[in-house]
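The block underneath contains the structure these notes are about, expressed in structure tokens.
First listed ligand is number 1; within each ligand, the first listed atom is number 1. What you see below is based on every heavy atom in this structure, not just the backbone, and it leaves out hydrogens, waters and symmetry mates.
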Amino acid sequence: MPEPSSGEISVEAARARMLAGLPLCRSEATSLSAAQGRTLAEPIIASRDQPPFDASAMDGYAVAEGKLDGVFQVVGESAAGRPFAAPVREGEAVRIFTGAPVPAGCRVIVQERTTRNGATVIVEAHSPASRNVRSRGGDFRSGQVLLNAGARLDAWSLALAAATGQDVLRLAVRPRVAILSTGEEIVKAGRSATDAQIFDSNGPALAALVAEWGGVAIPLEPAKDDETAIAAAVAEVDCDLILTVGGASVGDHDLVKPALKRLGLNLDVETVRLRPGKPTWFGRLADGRRALGLPGNPASALVCAELFLRPLLLAWQGADPALPMQTARLAAPLPATGPREHWMRAKLSSSNGAVVATPFSDQDSSLIAVFAGADALVRRPAGAPAAALGDTVEIHRLHRL
Ligand code: AMP
Ligand code: MG
């Protein structure tokens, strides 16, 4: 179905419009110790073999290929970091330890097959299954591409980067995201609030997600429902993206879009055929900054952050913006979906080795406690028929600790 040029569009179309023409972040040299969660701007290429020498896989004795059992003269020792430098002749053995360089032309007899007797060692007759040697370059070879540009760095990939000996990596600059909570009733946690006021839960949650997805969060003071105040709050902020939350809809007090129009906002997305999160909008300001407007209900704000903020931040850094999807079996039947794609909050468990999703019975998007207990979002396509217990559904796992 072709998408209309304005008005309500599908999640996929909205995401495509947001990502279209997004300029890539610049890159910067960054030390390995500050690289976690960041994205590579250039591939990591091995500059030498790993391991850089034939290494012993066992504690035991290195003996020259040929004679593999009987009595051997122990002529020295090779320990990790302290190789045995001389050649080893047939009938000689070198005491060796795991990770130590194996002398040229040797294999390693495991300690359990040997009996040491002063300057000699006796190796029992055996049919050796392995040389017990980790070959030079057996892990990776010099010149091999170990990680591609666009790879996001976690502990495992940092281990690979560090194993090459590089301590400075070329990374995408972190996109800067100004976060503005709006609403007459919104008060920062830690301040006093009347019974008519609500603490800002979205601001801190979005700041945490921005950091998780490699960005720099710039939290702003919450703004009242006032066009001038909203425009002033973001006018001078040095950032790539202005992320607003609340006031996104069409009510008398939903003033974020009109406020940003004063700064030259050009809308690419007006509303999305999505539940929760229909009022989500996106556009560009006259100065090139992007603006993403999320609805204020906490579940709407965070679902939309997963669906739109995450791909924006990853694409900016040159990483794959696709939302990772898996499947699960439903632990409860679900009604037919309406005309809007529905992303339901759910708990995951396992049953006979299969992943099982239990969507919460109350999907009200204002419920913070429900969202805080969710492990995943269940995606129900627009117009999907009712689903039965045991049916397979698509899920997106939330990153929970
Ligand atoms: P709005 O999108 O401004 O119409 O707000 C929808 C609902 O979300 C209202 O009940 C607001 O009080 C609530 N809300 C808006 N912003 C926040 C926020 N930053 N933190 C928590 N709740 C919010
Ligand atoms: Mg509001």
Q | Residues Asp49 and Arg136 bridged, charged N to O under 4.0 Å | A | yes
Q.
Show me which atoms of ligand 1 lie under 4.0 Å from any heavy atom of Asp200.
A. 18 (C), 19 (N), 20 (N)
Q.
Closer than 4.0 angstrom, basic N to acidic O: yes or no for Glu92 and Lys67?
A. no
Q) For atom 16 (N) of ligand 1, which protein heavy atom lies nearest, and how many Å away is it? A) Ile186 CD1, 3.6 Å
(Q) Counting non-hydrogen protein atoms only, what is the nearest one to atom 11 (C) of ligand 1? Give residue, atom name and distance. (A) Glu185 OE2, 3.0 Å
Q: Give a yes or no answer on whether the side chain of Arg116 reaches the backbone of Gly118 with a donor-acceptor pair at less than 3.5 Å.
A: yes
Q: Could you check Arg289 against Asp287 for salt bridge (charged side-chain N to carboxylate O under 4.0 Å, His left out), going step by step and ending with a plain yes or no?
A: CA-CA 6 Å; Arg289 286 181 295 174; Asp287 57 18; 2.9 Å; yes
Q | Close side-chain approach of Val234 to Leu263, heavy-atom, < 4.5 Å | A | yes
Q | Partner of Glu341 under salt bridge (Lys or Arg N to Asp or Glu O under 4.0 Å), chosen from Arg379, Arg15, Arg275, Arg273 | A | Arg379
**Q.** atom 18 (C) of ligand 1: the protein heavy-atom neighbour that sits closest, reported with distance to 0.1 Å
**A.** Asn202 ND2, 3.1 Å
Q | For atom 10 (O) of ligand 1, the protein heavy atom that lies nearest, with its residue and separation | A | Asn297 OD1, 4.2 Å
Q.
Test your reading of the structure: does Gly247 have an N or O sitting under 3.5 Å from an N or O of ligand 1?
A. yes
Q.
Going by side chain to side chain contact (heavy atoms under 4.5 Å, CB included), Pro276 matches just one of Ser300, Pro298, Pro295. Which one?
A. Ser300
Q.
Any carboxylate oxygen within less than 4.0 angstrom of a Lys/Arg side-chain nitrogen, looking at Glu28 and Arg170?
A. no
Q. Which ligand 1 atoms does Ser181 reach within 4.0 Å, using its non-hydrogen atoms?
A. 19 (N)
Q. Would you say Ala248 has any N or O atom under 3.5 Å from an N or O of ligand 1, going by distance alone?
A. no
(Q) What protein heavy atom lies closest to atom 4 (O) of ligand 1? Include the residue and the distance to one decimal. (A) Asp254 OD1, 4.1 Å
Q. Which residue holds the protein heavy atom closest to atom 20 (N) of ligand 1, what is that atom called, and what is the gap in Å?
A. Ser201 N, 3.1 Å
(Q) My understanding is that only one of Val272, Leu292, Leu260 makes a side chain to side chain contact (heavy atoms under 4.5 Å, CB included) with Trp281; could you say which? (A) Leu260
Q) Can you list the ligand 1 atoms lying under 4.0 Å from a non-hydrogen atom of Phe199? A) 20 (N), 21 (C)
**Q.** Protein heavy-atom partner closest to atom 2 (O) of ligand 1 - residue, atom, separation in Å
**A.** Gly296 N, 2.8 Å
Q | contact_flag Gly183 ligand 1 heavy-atom lt 4.0 Å | A | no
